[in-house]
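Structure record follows, encoded as structure tokens.
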Amino acid sequence: MPTITNFYAIEDLSQHSTKDDCWILVDGKVYDVTQYLDDHPGGDDVILAATGKDATEEFEDAGHSKSARELMEQYCIGELDTSSPVSTKQRYSEKFMQLTKQYWVIPVTVVGISVVVGFIYLRKK
């Protein structure tokens with residue numbers, strides 16, 4: 001593995017958050033995954049959602065294999081510059097909005113089933 005000499009601030013990552021230019025941060029290392037977006041088994045939207053912030057938690061939660069971790073090394077372009085303050089915590093409202101976008105199906109399904117059961121119950125009366 002080559003020696004890493006490039007250092008990037010978290011602000012640098014936020015400038016590379018499109019499908020044509022995509023960088024992510026995992027375990028303190030910066031990866032240019034632009035060429036890999038179309039090949040990612042989970043789809044490019046998963047990676048694009050993790051740009052501009054520390055994506056270590058998302059990466060670990062996905063349970064990547066050893067071969068995926070080895071493949072990732074070829075996309076490494078540097079490390080996070082730790083000399084500048086890094087704020088990896090999201091505001092509560094941002095995190096809440098992200099969760100509601102992901103899990104909207106469950107409440108809609110519950111309401112839909114409740115409405116159908118209610119109509120069936122009222123019809124039998």
Side-chain angles (χ1 to χ4, degrees):
M1 182 167 136
T3 305
I4 299 173
T5 56
N6 296 327
F7 291 94
Y8 300 97
I10 196 78
E11 293 81 21
D12 296 330
L13 271 76
S14 64
Q15 296 172 1
H16 301 274
S17 59
T18 65
K19 190 172 176 131
D20 297 324
D21 185 21
C22 183
W23 292 8
I24 61 170
L25 174 67
V26 177
D27 289 327
K29 293 183 181 179
V30 179
Y31 299 90
D32 182 353
V33 293
T34 308
Q35 300 300 318
Y36 184 67
L37 286 176
D38 292 332
D39 298 328
H40 187 256
D44 60 356
D45 55 331
V46 174
I47 296 176
L48 289 170
T51 60
K53 62 183 174 88
D54 189 345
T56 304
E57 187 175 331
E58 289 90 342
F59 182 81
E60 295 299 333
D61 288 347
H64 288 91
S65 65
K66 183 178 179 183
S67 61
R69 293 172 191 276
E70 291 170 357
L71 175 66
M72 206 167 105
E73 288 304 316
Q74 73 186 25
Y75 297 103
C76 185
I77 59 170
E79 291 183 356
L80 179 66
D81 183 8
T82 56
S83 63
S84 62
V86 178
S87 174
T88 57
K89 293 184 178 180
Q90 288 181 317
R91 288 185 287 143
Y92 176 76
S93 60
E94 289 177 9
K95 198 159 194 132
F96 179 74
M97 289 302 293
Q98 217 173 18
L99 286 173
T100 56
K101 287 179 184 175
Q102 291 176 351
Y103 299 112
W104 64 269
V105 174
I106 295 170
V108 169
T109 304
V110 169
V111 169
I113 291 171
S114 299
V115 168
V116 170
V117 168
F119 278 124
I120 292 171
Y121 176 76
L122 290 174
R123 240 181 168 183
K124 288 187 178 183
K125 276 189 153 183

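No experiment lies behind these values; they were computed from the predicted model shown. As a basis for the values below, the full set of heavy atoms in this structure was taken, side chains included, without hydrogen atoms, waters or symmetry mates.
Remark: the backbone N or O of Tyr36 is not paired with any side-chain donor or acceptor of Asp39 at under 3.5 angstrom. In this structure a side-chain-to-backbone donor-acceptor pair under 3.5 Å is present from Asp54 to Thr56. Remark: side-chain polar atoms of Asp32 are paired, donor with acceptor, to backbone N or O of Thr34 under 3.5 angstrom.
The neighbour count for Glu57 CD, taken as heavy atoms of other residues, nucleotides or ligands under 6.0 Å away, does not exceed 12.
Atom CD1 of residue Ile24 and atom CD of residue Glu58 lie 10.0 Å apart, to the nearest 0.5 angstrom. Note that the OH atom of Tyr8 and the CG atom of Leu80 stand 12.0 Å from one another [nearest 0.5 Å]. Expressed to the nearest 0.5 Å, how far CG of Leu25 lies from CG of Asp12 amounts to 11.0 Å.
With contacts defined as side-chain heavy-atom distances shorter than 4.5 Å, the pair Gln35/Gln74 does not qualify. In this structure, the side chains of Asp27 and Glu60 come closer than 4.5 Å at one or more pairs of heavy atoms. With a 4.5 Å cut-off on side-chain heavy atoms, Phe59 and Arg69 count as touching.
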Please report the C-alpha distance between Ser14 and Ile10 in whole Å, then the side-chain angles of each, then the deciding distance to 0.1 Å, and finally whether the side chain to side chain contact (heavy atoms under 4.5 Å, CB included) criterion is met. CA-CA 7 Å; Ser14 64; Ile10 196 78; over 6 Å; no
Would you sort out whether Asp38 and Lys19 count as a side chain to side chain contact (heavy atoms under 4.5 Å, CB included), showing the intermediate values? CA-CA 9 Å; Asp38 292 332; Lys19 190 172 176 131; 3.6 Å; yes
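Phe119 and Val111 fall within the same hydrophobic cluster, defined by Ile, Leu, Val, Met, Phe, Trp and Tyr side-chain heavy atoms under 4.5 Å apart, directly or through other members.
Side-chain contact annotation: Thr18 with Asp20, donor-acceptor N/O pair under 3.5 Å absent.
Between Trp23 and His16, the ring-plane angle classifies as parallel under the 30° and 60° cut-offs.
Of the candidates Val26, Ile47, Leu13, Tyr31 forms a side-chain contact (heavy atoms from CB on, under 4.5 Å) with just one, namely Val26.
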